[in-house]
**Student:** 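Before we start, here is the structure in question, set down as structure tokens.
Side chains included, hydrogens not; waters and symmetry mates left out as well; all remaining heavy atoms used.
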Amino acid sequence: MRYRVVMLGFAVCMVVSMAAASAPPVALAESYQGDVELSQYWVSEKFDGVRGYWDGRQLLTRSGAVIDVPDWFTRDWPKTVMDGELWAGYDGFSRISTLVRTAGPEHPGWKAVTYRVFDLPQHGGNFNARVPAIRETVSAINQAWVLAVDQFKVRDAAELDAALSDVLARGGEGLILHHGLRSHQPGRNSGLFKLKPFEDAEARVVAINPGRGRLQGMMGSIDVRTPDGRVFALGTGFSDEQRADPPPLGAWVTYRYNGYTANGLPRFARFLRLRPGGPPPEISAQPQTSE
């Protein structure tokens, strides 16, 4: 049974990979470190869902895989390119991930999904100009499940902290800060920041270590390798169900951490979730070293 599950997981990743075209030119946020002029930035909630890039014809994941949504979901959407998040509510990442990867367009769960638009990549103006354009585009679509992400301003760090506290109290993940004078730039650039109470990153599973004591017969921890070659163990953050059926060798996982140790390893690293679809696109474009 274990072998069957591992192979099924591998097959799913292969289907996503085979269906993927080139990755869309999305902007990627850097971690917020402070020391910026906050009055120049728009602030918005960071929604924990699946990135959805509307290329004018279809929705794509960040890696370029076509998202098989119901026909009604994107009916009458414009040819305007939109970037947003498919979101299934707070604590709903597993639900939206399942819908996108395996459930298919007929699943009733799509009725609970919203598409939250946060950018118009081909608009041409800076973000100050794109904010009202996003609102106008979404208003013209006039569908209850398509929403413009609320963009607002803060005057100082105290207001930014208060906004973060409000989002976390709702069960949210954090905030995004977008410089108003920046044009859309694919990849990581200094005009786009994410602010969260923890960091997260991806790594590949290279070993599965057996549990002891109460965890006898289950997984105790997994060893993971980061894209830059650092290897460390993840032993916390797993449910017993996940320990009985751990991420397979070669799978990519997302982990949370709080800074780095003196040896350069993630501090307090803990498992967050199995990453659907393999490595992030900026990692999959790089050659992978053999184990």
**Student:** Is the Tyr257 to Phe268 ring centre distance short of 6.0 Å?
**Tutor:** no
**Student:** Any heavy-atom pair between the side chains of Thr137 and Leu120 that's under 4.5 Å?
**Tutor:** yes
**Student:** With a 4.5 Å cut-off on side-chain heavy atoms, are Asn209 and Asp223 touching?
**Tutor:** yes
**Student:** A side-chain contact here means heavy atoms from C-beta on lying under 4.5 Å apart; do Ile208 and Met219 qualify?
**Tutor:** yes
**Student:** Evaluate salt bridge (Lys or Arg N to Asp or Glu O under 4.0 Å) for Asp83 paired with Arg62, printing each intermediate quantity in order.
**Tutor:** CA-CA 10 Å; Asp83 200 358; Arg62 206 175 99 180; over 6 Å; no
**Student:** Assess whether side-chain contact (heavy atoms from CB on, under 4.5 Å) is satisfied between Leu38 and Val36, documenting all intermediate values.
**Tutor:** CA-CA 6 Å; Leu38 288 173; Val36 300; 3.9 Å; yes
**Student:** Heavy atoms only: give me the nearest Val205-Val224 pair and the separation to one decimal.
**Tutor:** CA-CG1, 4.2 Å
**Student:** Any donor-acceptor pair under 3.5 Å linking the side-chain atoms of Arg135 with those of Ser139?
**Tutor:** no
**Student:** Pick one: which of Phe73, Trp77, Trp110, Trp54 meets ring pair (Phe, Tyr, Trp, His ring centres under 6.0 Å) with Tyr115?
**Tutor:** Trp77
**Student:** So, do Trp42 and Phe127 sit near enough that their side-chain heavy atoms are less than 4.5 Å apart?
**Tutor:** yes
**Student:** I want to check something: taking the side chain as every heavy atom from C-beta on, are Asp76 and Asn142 in contact at a cut-off of under 4.5 Å?
**Tutor:** no
**Student:** Is it the case that the side chains of Glu241 and Ser239 hold a donor-acceptor pair, with the cut-off being a distance below 3.5 Å and no angle test?
**Tutor:** no
**Student:** Apply side-chain contact (heavy atoms from CB on, under 4.5 Å) to residues Lys46 and Leu177 and explain how you reach the verdict.
**Tutor:** CA-CA 9 Å; Lys46 185 180 188 302; Leu177 289 79; over 6 Å; no
**Student:** Does the distance from a Lys or Arg side-chain N to an Asp or Glu carboxylate O, for Glu85 and Arg116, drop under 4.0 Å?
**Tutor:** no
**Student:** Minimum heavy-atom separation for Ala269 and Tyr255, please, with both atom names.
**Tutor:** CB-CD1, 4.3 Å
**Student:** As an exercise, state the distance from CG of Leu249 to CZ of Arg204, rounded to the nearest 0.5 Å.
**Tutor:** 10.0 Å
**Student:** Please report the closest heavy-atom contact between Pro227 and Glu202, naming both atoms and the distance.
**Tutor:** CD-O, 3.6 Å
**Student:** Would you kindly confirm whether Phe47 and Phe198 end up in one hydrophobic cluster when ILVMFWY residues are joined by side chain heavy atoms under 4.5 Å apart?
**Tutor:** no
**Student:** Can you tell me if Asp156 has over 12 outside heavy atoms packed within less than 6.0 Å of its CG?
**Tutor:** yes
**Student:** Once rounded to the nearest 0.5 Å, what's the spacing between atom OG of Ser165 and atom CZ of Arg170?
**Tutor:** 11.0 Å
**Student:** Can a salt bridge be assigned to the pair Arg101 and Asp68 using a cut-off of 4.0 Å between side-chain N and carboxylate O?
**Tutor:** no
**Student:** Quick check for you: to the nearest 0.5 Å, what is the distance between Thr261 atom OG1 and Phe232 atom CZ?
**Tutor:** 10.0 Å
**Student:** Using side-chain contact (heavy atoms from CB on, under 4.5 Å), reason through Lys196 and Glu173 one step at a time and then give a plain yes or no.
**Tutor:** CA-CA 6 Å; Lys196 300 189 293 184; Glu173 184 182 30; 3.6 Å; yes
**Student:** Quick one: pull up CD in Gln122 and CG in Asp119 and give me the separation to the nearest 0.5 Å.
**Tutor:** 11.0 Å
**Student:** Gln151 and Ser44: which non-hydrogen atoms are nearest, and at how many Å?
**Tutor:** OE1-CB, 3.5 Å
**Student:** I would like to know whether Val43 and Leu195 meet side-chain contact (heavy atoms from CB on, under 4.5 Å); could you show each step before the answer?
**Tutor:** CA-CA 10 Å; Val43 181; Leu195 173 59; over 6 Å; no
**Student:** Within the 4.5 Å heavy-atom criterion, are Val253 and Leu272 side-chain neighbours or not?
**Tutor:** no
**Student:** Is it true that Trp87 and Tyr90 have ring centroids separated by less than 6.0 Å?
**Tutor:** yes
**Student:** Would a 4.5 Å heavy-atom cut-off, applied to side chains only, mark Leu28 and Arg51 as touching?
**Tutor:** yes
**Student:** Mind listing the closest non-hydrogen atom pair of Gly235 and Ser221 along with its distance?
**Tutor:** CA-CB, 3.8 Å
**Student:** Would Trp145 and Trp72 count as a close aromatic pair, with their ring centres under 6.0 Å?
**Tutor:** yes
**Student:** Is there a continuous path of hydrophobic side-chain contacts, each under 4.5 Å between heavy atoms, that joins Phe193 to Leu164?
**Tutor:** yes
**Student:** Return the orientation label for the Phe238 and Phe271 ring planes: parallel under 30°, perpendicular over 60°, tilted otherwise.
**Tutor:** parallel
**Student:** Salt bridge or not for Glu199 and Arg256, using N-O below 4.0 Å?
**Tutor:** no
**Student:** Between Gly191 and Arg182, what is the shortest heavy-atom contact and its length?
**Tutor:** N-NH1, 3.5 Å
**Student:** Pick from Val113, Leu59, Val100: which one makes a side-chain contact (heavy atoms from CB on, under 4.5 Å) with Val69?
**Tutor:** Leu59
**Student:** Nearest 0.5 Å, what's the CH2-CZ distance between Trp252 and Arg273?
**Tutor:** 15.5 Å
**Student:** How long is the gap from CD on Gln143 to OG1 on Thr114, to the nearest 0.5 Å?
**Tutor:** 12.5 Å
**Student:** Could you tell me whether Asp55 and Lys79 have a side-chain N and a carboxylate O separated by less than 4.0 Å?
**Tutor:** no
**Student:** Quick one: do the Thr226 and Asp228 side chains pair a donor with an acceptor below 3.5 Å?
**Tutor:** yes
**Student:** Would you check if Val231 and Arg225 make a side-chain contact, meaning some heavy-atom pair closer than 4.5 Å?
**Tutor:** yes
**Student:** Has the side chain of Gln216 got a donor or acceptor atom that lies under 3.5 Å from a matching backbone atom of Arg212?
**Tutor:** no
